[in-house]
There are 2 protein chains.
Amino acid sequence: MDNRLDALFAALADPTRRAILTMLLEDDMAVTDVAEPFQMSLAAISKHLTILTRAGLISQEKRGRVKWCKLEPDTMRDVTVWVQGFGQFEPVHLDAFERFLAAEFAEPGETG
Amino acid sequence: MDNRLDALFAALADPTRRAILTMLLEDDMAVTDVAEPFQMSLAAISKHLTILTRAGLISQEKRGRVKWCKLEPDTMRDVTVWVQGFGQFEPVHLDAFERFLAAEFAEPGETG
DNA sequence: GGCATATTCAACCTTTCGGTTGACGATTAT
DNA sequence: ATAATCGTCAACCGAAAGGTTGAATATGCC
């Protein structure tokens, strides 16, 4: 990982890690709680969190025996900056992403 | 799940491939010409181009015995959409992008 | 036809990735 | 004190990534 962008894009290339990031969009979470919805060991999730931390996409703070994971969305700006150099700065509406989130965290009784 | 973003981010995670993309920002190029500035075999570059093609970031068209590589910047919009869901949609200036390019090209170490 | 050019294929190698398991240090609860 | 919980570490594994080399396939040129 010689370059910052290497670590960033590589971190984002894994679906488990992207799912973790969207989970953290809701709220800070303990490692165990992050792991809960996944069908893999806690150790595996712990590794994913380390990768996300090294990429700067999250930060981890230990309070007591619980390690809290916090999204660091500013880091994604590096991605945006790089990508937008290719001319993709047309108005990007959040529609698609919001629909995705809405579906992901859908609550009963809520109508679009 | 969405294999699409996996392939996209993974393709962007390699510095050689990102360098190729920025080269193609200038103009369409033949495979041999793409390979020229790199210290690796033509076969290696060919593989990188295949990965970029499968990710949708470039297209390749064979005319005669020359295969032309063309940037497909629209594909990066998928990245933008996903990333901007995290709130990083402040105005991005190309100044910043150019600094990134300078940093990218300073890294490899062939020139100094 | 015969040869050079352009690109990929196939086989191989080494390193990294994503996962597992079991043991461990640290903290909290009983 | 003892037990349970939280999270990481270490060793291991199979698969994939990124590279090499040499042969193969097209295509263009004389």
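Being a predicted model, the structure only gives us computed values, none of them experimental. Order of the sequence lines sets the chain letters (A, B, ...), proteins ahead of strands, with each chain counted from 1.
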> Pick the nucleotide of DNA chain C nearest each of A:R63 and A:D14; which residue has the one closer to the 5' end?
Replying inline: A:D14
> Between B:M40 (CE) and D:dG18 (C1'), how many Å, whole number?
Replying inline: 8 Å
>> Of the options D:dT20, C:dT8, D:dG7, whose atoms approach the side-chain atoms of B:S41 most closely?
In response: D:dT20
> Could you state the interatomic distance from OG1 (A:T16) to CD (A:Q39), rounded to the nearest 0.5 Å?
Replying inline: 11.0 Å
> To the nearest Å, how far apart are A:I51 CD1 and D:dC9 P?
Replying inline: 13 Å
>> Among D:dG19, C:dA6, D:dA26, which nucleotide has an atom closest to any side-chain atom of B:T16?
In response: D:dG19
> Any idea how A:F9 and B:F9 line up, ring-wise: parallel (<30°), tilted (30 to 60°), or perpendicular (>60°)?
Replying inline: tilted
>> What contact category does B:R17 fall into here, base, sugar-phosphate, or nothing, at under 4.0 angstrom with non-hydrogen atoms?
In response: sugar-phosphate
>> If I take atom NE2 in residue A:H48 and atom P in nucleotide C:dT16, what distance separates them, rounded to the nearest angstrom?
In response: 18 Å
> Taking atom C1' of D:dA17 as reference, at what distance in whole Å does atom CG of B:D6 sit?
Replying inline: 15 Å
> Starting at CG of B:L42 and ending at P of D:dT20, how long is that distance when rounded to a whole Å?
Replying inline: 11 Å
>> Hydrophobic cluster membership, with links at side-chain heavy-atom distances under 4.5 Å among I/L/V/M/F/W/Y: are B:I58 and B:L42 in one?
In response: yes
> Given atom CH2 of B:W68 and atom P of D:dA26, what is their separation to the nearest angstrom?
Replying inline: 22 Å
>> Among C:dT21, D:dT20, C:dT7, which nucleotide has an atom closest to any side-chain atom of A:A43?
In response: C:dT21
> Between C:dT20, C:dT7, C:dG18, which nucleotide has the shortest distance from any of its atoms to the side chain of A:A44?
Replying inline: C:dT20
>> Measuring from the side chain of A:K67 (C-beta onward, heavy atoms only), which nucleotide among C:dA11, D:dG7, C:dT20 has the closest atom?
In response: D:dG7
>> Can you tell me which nucleotide in C:dT27, D:dT8, C:dT20 comes closest to the side chain of A:R65?
In response: C:dT27
> D:dG19 base to B:K47 side chain: any donor-acceptor pair below 3.5 Å?
Replying inline: yes
> In whole angstroms, how far is the P atom of C:dC17 from the CZ atom of B:F9?
Replying inline: 17 Å
>> How many whole angstroms separate atom CG of B:L49 from atom C1' of C:dC9?
In response: 15 Å
>> Name the residue from B:T75, B:L71, B:L57, B:L24 that meets the side-chain contact (heavy atoms from CB on, under 4.5 Å) definition with A:F86.
In response: B:L71
> Of the nucleotides D:dG7, C:dG19, C:dT8, which has the atom closest to the A:A30 side chain?
Replying inline: D:dG7
> Which atoms form the tightest heavy-atom contact between B:D14 and B:H48, and what is the distance?
Replying inline: OD1-CE1, 3.7 Å
